[in-house]
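Take a look at the structure below.
Quick note on labels: first sequence line is chain A, next is B, and so on, each numbered from 1. What you see is a predicted model, and the numbers here were worked out from it, not measured in a lab.
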Number of protein chains: 2
Amino acid sequence: MLEIGSKGEYATRAMVYLARRYGRHTTSLTAIADEQRIPRRYLEQLIAELRKAGLIAATRGASGGYTLAKDPAEISLYDIVSVLEGPLMVQDCVENGRNACVFADECAVREVWTDLHQVIYDKLKSVTLKQLADRANQIRKEQNAKYAIYSRYPSEMVN
Amino acid sequence: MLEIGSKGEYATRAMVYLARRYGRHTTSLTAIADEQRIPRRYLEQLIAELRKAGLIAATRGASGGYTLAKDPAEISLYDIVSVLEGPLMVQDCVENGRNACVFADECAVREVWTDLHQVIYDKLKSVTLKQLADRANQIRKEQNAKYAIYSRYPSEMVN
DNA sequence: TTAATTCCTACCAATTTAGTAGGAATTGAA
DNA sequence: TTCAATTCCTACTAAATTGGTAGGAATTAA
Ligand code: FES
Ligand code: FES
């Protein structure tokens, strides 16, 4: 119930990955797919949609690759997921007009769907890529500190 | 994205309908389906599941029908929808263990999915059938007051 | 020229969704 | 006893969605 599919998950992980490299070199599709363990040919299609939506910029040809098209602080989780899975739509009747249920505005249930829609939207819209990237960096740092006791070579940053 | 299907919607509307009649006579499938504009043979299957889940009680035979198995105040919106559409599962990795993503507990994104899971769950669990039924009655009352100016026969209560 | 890379389009199997359908079993009432 | 109303059980299905795979053209740095 109310699941986010693999598209949304893959796209988000890929975007966080790019956010952590924002301002540096571009990253190739293969690199993202390998490090994030995402099927390459599938991710390719997802990235194509993110590019069409203006969230990702591409450089073609040899040594080309992808990079974020905007500052990570300007991209929300909602922006990403809605590209891949369509706009948030808990129930059709929440968007008053299109495919509204028979009882439309005289329906008590509809008010709750609307509330639910709002809390989901607020949460997804409030999270920025910058926050996610910062948090990912922080986690990685903690992990490295932990393993530094045993090894001089901390696990590669993969996320 | 994150849609609740017709099952969840139909089931919820049917349950609110039953809640508004709780403590009185049982209601036949046909009556519910007709008044709520839900395909009868389809609703039949939904109600079967709600019964197996212990939310609805049935009386068989002529002049039989359905009624809520518990007090409306004891049934939440989550209880209803989860029967029809399965438990809330924003992402598999939120339920730590089963089908978790590769990076599991070293993943920043996972924390957000978990937050999202929580706000959705809290909202759905906080709404009881009693609240919905009361609100539906209130709306109907307002509608009747409105139309009483024009007619002595207010529109039938359908929800 | 070549190798690496993005870009475009088509295809596919499995699952889910949103129902439809037939008929058996139960029961109150005539 | 019979009948009509009703729930109960099981099977079927068309269309859409999901989660990919696949082939090859276009672009560009070296
Ligand atoms: S109007 Fe959509 S559930 Fe009633
Ligand atoms: S562990 Fe599920 S998104 Fe990373």
In residues 53-65 of chain B, what donor-acceptor pairs under 3.5 Å come from side-chain atoms, sequence neighbours left out?
none

- [ ] Classify the nucleic acid contact of I47(A) as base, sugar-phosphate or nothing, counting any heavy atom under 4.0 Å across all strands shown.
- [x] nothing
- [ ] Describe the nucleic acid contact of T59(A) in one word from base, sugar-phosphate, nothing, applying a heavy-atom distance below 4.0 Å.
- [x] sugar-phosphate
Open item on the list: Over all strands shown, is A58(A) touching base, sugar-phosphate only, or nothing at heavy-atom distances under 4.0 angstrom?
Closed with: sugar-phosphate
Open item on the list: List the residues meeting side-chain contact (heavy atoms from CB on, under 4.5 Å) with S28(A), not counting sequence neighbours, and say none if there are none.
Closed with: T30(A), A31(A)
Task: Nucleotide nearest A62(A) (side chain, heavy atoms from C-beta), chosen from dT28(D), dC7(C), dG28(C) - done: dT28(D)
TODO: Nearest whole angstrom, please: distance from the P of dT6(D) to the CG of D34(B).
DONE: 11 Å
For residues 68-75 of chain A, run the donor-acceptor check on the side chains, cut-off 3.5 Å, and write out each pair with its distance to 0.1 Å, sequence neighbours left out.
unit_1	atom_1	unit_2	atom_2	d
D71(A)	OD1	A73(A)	N	2.8

TODO: Could you work out which one of dC7(C), dT7(D), dT5(C) sits closest to the side chain of R51(A)?
DONE: dC7(C)
Tabulate protein N/O versus nucleotide N/O from nucleotides 17-24 of chain C, keeping only pairs under 3.5 Å, one per line.
unit_1	atom_1	unit_2	atom_2	d
dA18(C)	OP2	S6(B)	N	3.3
dA18(C)	OP2	S6(B)	OG	3.2
dA18(C)	O5'	S6(B)	OG	3.4
dG19(C)	OP2	Y10(B)	OH	3.0
dT20(C)	O4	Q45(B)	NE2	2.5
dG22(C)	N7	R41(B)	NH2	2.7
dG22(C)	O6	R41(B)	NH2	2.4
dG23(C)	O6	R41(B)	NH2	3.3

Tabulate below the donor-acceptor pairs under 3.5 Å that side-chain atoms of residues 78-87 of chain A make, not counting sequence neighbours, or state none.
unit_1	atom_1	unit_2	atom_2	d
Y78(A)	OH	L88(A)	N	3.1
D79(A)	OD1	S76(A)	OG	3.2
D79(A)	OD1	K125(A)	NZ	2.7
D79(A)	OD2	S76(A)	N	2.9
D79(A)	OD2	S76(A)	OG	3.1
S82(A)	OG	Y78(A)	O	2.8
S82(A)	OG	D79(A)	O	3.3
E85(A)	OE1	G5(A)	N	3.4
E85(A)	OE2	G5(A)	N	3.0
E85(A)	OE2	G8(A)	N	2.9

TODO: Would you please name every residue forming a side-chain contact (heavy atoms from CB on, under 4.5 Å) with Q45(A), sequence neighbours left out?
DONE: Y42(A)
